[in-house]
2 protein chains.
Amino acid sequence: MKVAKFGGSSVASADQLRKVAQIVKEDTERKFIVVSAPGKRDKADTKVTDLLIAIGEAHRKGEDVSKQVEKVLARFRSIVSDLELDNILIEQIADHLEGILADTIPVLDKMDALKATGEDSLAKVFSAYLNKLGVKAAYVNPQEAGLLVREELGGARILDESFDHLYKLREREEVQVIPGFFGYTKEGKLATFPRGGSDITGSIVSAGVKASLYENFTDVDSVYSVNPNIVDNPKEIHTLTYREMRELSYAGFSVFHDEALIPAFQAKIPVCVKNTNNPSAPGTMIVAEREVTGNPVIGIASDAGFLSIYISKYLMNRELGFGRKLLQILEEENISFEHAPSGIDDMSVIIRESQLPADKEAIVVRRLKEELQADHVSIDRDLSMIMIVGEGMIESIGVSSTATKAFTDANVNIEMINQGSSEVSLMFGVKTTQLHDAVKSLYQAFFQ
Amino acid sequence: MKVAKFGGSSVASADQLRKVAQIVKEDTERKFIVVSAPGKRDKADTKVTDLLIAIGEAHRKGEDVSKQVEKVLARFRSIVSDLELDNILIEQIADHLEGILADTIPVLDKMDALKATGEDSLAKVFSAYLNKLGVKAAYVNPQEAGLLVREELGGARILDESFDHLYKLREREEVQVIPGFFGYTKEGKLATFPRGGSDITGSIVSAGVKASLYENFTDVDSVYSVNPNIVDNPKEIHTLTYREMRELSYAGFSVFHDEALIPAFQAKIPVCVKNTNNPSAPGTMIVAEREVTGNPVIGIASDAGFLSIYISKYLMNRELGFGRKLLQILEEENISFEHAPSGIDDMSVIIRESQLPADKEAIVVRRLKEELQADHVSIDRDLSMIMIVGEGMIESIGVSSTATKAFTDANVNIEMINQGSSEVSLMFGVKTTQLHDAVKSLYQAFFQ
């Protein structure tokens with residue numbers, strides 16, 4: 001039994017849903033279908049989820065929301081009419097939105113409930129469409145499926161017992177169409193996942209039903225060895241391991257969000273990335289282990305938006321607890337750090353820029369200076385991280401040499417090197433202005 | 001006015017003291033002479049300080065110490081008789097040791113008081129010798145000079161007011177002979193410096209008297225660009241900056257101890273390393289700033305005796321406070337860390353092996369596993385650190401590339417790279433078995 005998840009662009013329009021239905025019909029193993037909310041049909045379009053957020057924001061301000069609601073309904077109306085489905089589906093969606101807004105449907109967080117309406121409605125529409133095509137299908141609400149979450153600061157987290165509940169879905173005969181992006185707390189509160197929405201749901205369902213394969217349908221033929229916006233026609237990756245994927249997505253590989261695949265990884269379910277618009281392409285397999293032959297590097301990821309906090313203090317290395325105190329101050333300011341390279345009398349902490357908005361900067365700098373009695377504290381913004389990833393790297397002498405030469409060739413100064421903990425990655429920090437030059441040169445060094 | 005400090009080998013015998021006296025006579029600017037305790041005269045010899053420690057240990061066990069005391073006296077007796085000085089000096093040393101052991105001289109820490117007797121006695125002997133040669137000289141006790149320290153865990157630390165006290169020594173006419181290695185607390189308690197003994201005293205005196213130069217006489221012609229035990233006839237360094245010296249000595253450059261030069265650095269006193277046995281050689285100047293021309297690298301330091309603690313945990317990077325908790329556990333176990341490279345779901349902490357004796361290892365591993373709920377904790381011993389140092393590095397593109405290529409050429413796997421905080425150094429971790437190969441290859445890459 002396979003789980004197939006279809007992303008926002010795959011379900012953006014009736015035409016796309018026809019392709020999806022064809023894919024579902026082609027393989028009877030595809031028993032569990034997880035869907036996103038309709039995404040953009042072209043670059044100028046707006047995602048349904050963003051339209052729903054706009055409703056929520058207008059409603060919060062006490063404004064009239066009828067125009068925003070109509071925009072959402074129009075998107076679904078065009079799908080339903082184009083697929084020649086019963087118009088009652090639109091009425092149900094309208095009733096549902098109205099119920100949330102008018103408090104006749106009890107919800108615990110109105111914005112969460114509104115946002116989740118995109119996936120939920122699309123699942124209902126798509127299961128109706130499958131039935132119309134003669135494929136026995138059923139919409140499955142995550143609460144009914146037992147997809148339970150614990151709500152935490154920053155988003156929901158799956159509860160272990162969910163997997164046992166989901167396993168029971170195997171007994172059902174119909175194709176199960178499950179909306180992505182949300183689950184329910186034990187108290188029946190709808191809660192959305194923090195990032196990677198439908199990818200996480202697909203991953204959780206795959207683990208729960210012990211799928212033979214988790215197919216993640218998106219709009220690219222495969223995972224590429226480098227960001228195609230930086231390097232033209234980059235090499236496709238045919239097979240990569242879970243931990244390679246995790247390292248790559250941490251540093252900006254946009255195919256998956258950082259933690260979306262973890263439930264599938266932990267259950268050792270193989271994952272396949274495929275293209276809804278070109279389903280016959282082999283795609284990229286993501287597996288627990290792979291054979292390493294040839295190139296020890298499988299991909300080069302990169303991400304902008306980091307900054308470095310630099311702290312120096314004479315005799316720092318004689319002071320037991322200095323590093324701990326530094327991290328404690330950041331923790332008290334709710335800042336999580338990425339890396340902390342250290343010298344003898346100095347230490348830097350690399351964090352994502354979003355963690356330190358300008359108004360917080362002065363507070364943090366003052367606390368570090370005063371509480372650590374630091375000689376010097378400074379902030380260096382506009383940093384980018386580049387991550388070179390590959391299972392073969394730990395045993396291959398010379399990867400760092402090839403990499404650093406590529407920086408030299410591109411005349412790029414390396415601000416930071418972090419190697420020593422992960423066995424499959426090597427990380428470099430550079431100025432964001434030099435990011436593209438560096439990535440291009442690295443790609444050339446490892447793949448051309 | 002210059003401060004000249006003579007190390008253990010420079011004052012090991014009467015012959016050596018003749019050279020020292022000649023050096024003092026040659027330059028009337030040499031007004032402040034700081035001396036160590038007599039060191040080894042040859043490889044099989046024992047340092048006087050070690051003989052004194054043996055007295056202290058035997059005494060602590062309640063054993064008869066007369067033989068050990070005689071060994072110390074014999075060393076001084078041979079110097080005094082060879083230099084044809086008054087034998088009363090030996091009686092004074094004997095009385096002093098007896099006084100400490102019999103509690104007739106009140107001391108607060110007997111071992112500290114015994115250890116400091118080496119420097120103290122040599123200062124008395126050498127000032128007598130200078131006077132005999134017609135150079136007006138006086139022994140200056142650190143207490144009389146106002147060299148005050150705060151006693152801390154692990155050793156004494158200079159009190160700021162000492163510098164003003166020392167400045168008054170400028171008014172004295174005689175050459176001032178000051179024993180290195182110890183100072184006094186405000187309560188009159190003798191306290192020894194933790195490491196770098198006489199180097200620290202010389203450095204403090206230089207800062208206090210605002211010396212035009214701090215000459216550090218030892219038994220090498222200069223500071224070398226790499227450990228001469230690893231590379232034959234390495235390049236001499238003519239001038240290097242304080243921070244280059246500090247980074248180099250951190251990682252095993254044995255000319256100075258880690259923190260010995262800091263008081264001189266802070267007062268911006270230039271330092272010169274010279275050879276007692278070849279005083280006409282120019283030596284190595286250590287200064288606040290230098291011009292960088294040509295090679296961006298000035299030296300390659302290396303040190304064995306490190307280990308790495310590896311901790312992995314799924315979703316670590318989502319857990320605010322993980323790094324802080326990890327460092328807190330180490331702090332509670334009184335372990336100070338050197339570096340902490342981090343991956344996404346893992347983190348390593350590099351510490352000196354002396355910080356984690358085998359009996360502590362099990363406790364630390366258990367605490368990390370339990371309190372951090374880590375998936376995996378392991379310890380990797382026999383690591384060495386290599387540090388490439390140079391003021392020119394920050395602006396020079398390609399240093400890391402040259403360095404990593406040198407590792408590749410030597411077929412050495414890099415276990416860790418730490419770059420990103422210090423502007424003047426780049427640090428690598430390797431297996432100790434591969435240390436020499438790596439250092440040789442780096443030396444060849446940067447200096448040949």
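This is a predicted model, so every value here is computed, not measured. In the text below, chain A, chain B and the rest are named by the order of the sequence lines, each starting its count at 1.
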With rounding to the nearest 0.5 angstrom, report the NZ to OG distance, K405(A) to S400(B). 12.5 Å
Given the rule in the side chain to side chain contact (heavy atoms under 4.5 Å, CB included) test, do N418(A) and S342(B) qualify, once you have shown the distances and angles that lead to the verdict? CA-CA 7 Å; N418(A) 183 19; S342(B) 56; 4.1 Å; yes
Part of D409(B) lying under 4.5 Å from any heavy atom of chain A: neither
Is there a side-chain contact between L320(A) and N334(B), using heavy atoms and a 4.5 Å cut-off? yes
Q419(A) side chain near E415(B) side chain, heavy-atom distance below 4.5 Å: no
Between F322(B) and chain A, which part of the residue has a heavy atom less than 4.5 Å away: side chain, backbone, both or neither? neither
Answer with side chain, backbone, both or neither: which region of I335(B) has an atom nearer than 4.5 Å to a non-hydrogen atom of chain A? backbone
Using non-hydrogen atoms and a 4.5 Å limit, figure out which bit of S425(B) sits close to chain A: side chain, backbone, both or neither. neither
Check whether M427(B) gets within reach of chain A through its side chain, its backbone, both or neither, counting any heavy atom under 4.5 Å. neither
Please flag which part of I394(B) lies under 4.5 Å from any non-hydrogen atom of chain A: side chain, backbone, both or neither. backbone
Give the minimum heavy-atom separation between E247(A) and I344(B), together with the two atoms involved. CA-CD1, 3.5 Å
Run I397(A) and V412(B) through side chain to side chain contact (heavy atoms under 4.5 Å, CB included) and show every step you take. CA-CA 7 Å; I397(A) 287 172; V412(B) 171; 5.9 Å; no
State, to 0.1 Å, how close G343(B) and S422(A) come at their nearest heavy-atom pair, and which atoms those are. CA-CB, 4.4 Å
I need the minimum non-hydrogen distance between G323(B) and L327(A), along with the two atoms involved. C-CD1, 3.8 Å
Show, in sequence, the C-alpha distance, side-chain angles and deciding distance for K325(A) and R324(B), and conclude whether the side chain to side chain contact (heavy atoms under 4.5 Å, CB included) test is met. CA-CA 8 Å; K325(A) 279 181 222 149; R324(B) 193 265 310 155; over 6 Å; no
Closest non-hydrogen atom pair, S401(A) against T408(B): CB-OG1, 3.2 Å
